[in-house]
Amino acid sequence: MDAEAPKGYISDENARWLIRAISADGVVDSESELEILLRSMEKATSMPASLSAFALNQVKVVVTEGSGPLANGRVAQKGVVTADDVIMLRRVLYASSGCSGLGISRPEAEVLFDINDQTAEAQNHPSWTDLFSKAIAFSLMAAVSNFGVNRSEALRREEWLSDTSTSVTDFIAARGGGFRKLRRLL
């Protein structure tokens, strides 16, 4: 992720490589590999929605099957969303928002709906209902289709942010009126 520009950008290709490297049959092989996935997501400023949907699916495996690396070291309740599951779901959702602000993509929402549908009759932890309803509301309000941008757009944005050739004062002055107009607007 930090090896090539732009820093913090996970491309579709990198996401597919990471998923292949840490999973077998769509399930992460170990807790340490899951942690690599989550830390990569948390450090990223941009990533494809497929990567966060993959991470959410790891929680779904624990919830629906009661197994997987997330189930190690705790009692997983097959068919029930526990408080630990909600904490992990929240971690994935916040990690996938990067610096763009919280939004829920369609692939993420589909995983959340799958979890909800498969546990509808269960005694889920109350925090699940809160997280699920807010996440789905966010997905509808934000209408996020994909967090990631292509590499050339990410590079263009990084270059623009790095450009210090124009000062804020010069920018406002060039727009006619400088700070006096700005002060009247405020």
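One is the number of the first residue; the rest follow in order along the sequence.
Clustering ILVMFWY residues whenever any of their side-chain heavy atoms sit less than 4.5 angstrom apart, transitively, puts V81 in a cluster other than the one holding I87. Neither V80 nor M88 shares a network with the other; the hydrophobic side chains, linked directly or stepwise wherever heavy atoms of I, L, V, M, F, W or Y lie under 4.5 Å apart, form separate groups for each.
With hydrogens and angles disregarded, no donor-acceptor distance shorter than 3.5 Å links the side chain of Q58 to the backbone of L34. Remark: side-chain polar atoms of N124 are paired, donor with acceptor, to backbone N or O of T119 under 3.5 angstrom. Proximity of a side-chain donor or acceptor of N57 to a complementary backbone N or O of A53 within less than 3.5 Å is detected.
For the pair V92 and S52, the tightest heavy-atom approach, listed with the atom from each and the gap, is CG1-O, 3.7 Å. For the pair S30 and V28, the tightest heavy-atom approach, listed with the atom from each and the gap, is O-CG1, 3.3 Å. Between A21 and E33 the shortest heavy-atom distance is O-OE2, 4.1 Å. The minimum heavy-atom distance linking E42 with A95 is given by the pair CG-CB, 3.5 Å. Residue W128 comes nearest to N116 through the heavy atom pair NE1-OD1, 3.1 Å, listed as atom of the first residue, atom of the second, then distance. Residue M41 comes nearest to A55 through the heavy atom pair SD-CB, 3.8 Å, listed as atom of the first residue, atom of the second, then distance.
Counting only heavy atoms from C-beta outward, the side chains of L89 and L56 approach each other to under 4.5 Å.
Residue R91 holds its CZ atom at 4.5 Å from CG of L38, rounded to the nearest 0.5 Å. In this structure, CG on L37 lies 11.5 Å from OG on S32, to the nearest 0.5 angstrom. Interatomic distance, K60 NZ to Q118 CD, rounded to the nearest 0.5 Å: 5.0 Å. R16 contributes atom CZ, which lies 13.0 Å from atom CD1 of I10 (distance to the nearest 0.5 angstrom). Taking CD1 of I104 as the start and CG of L93 as the end, the distance is 4.5 Å to the nearest 0.5 Å. Note that CZ of F113 is 4.0 Å distant from CD1 of I136, once rounded to the nearest 0.5 Å.
A donor-acceptor pair shorter than 3.5 Å can be found between the side chains of T82 and D85.
Counting heavy atoms of neighbouring residues, nucleotides and ligands inside a 6.0 Å radius, atom CD of E110 exceeds 12 of them.
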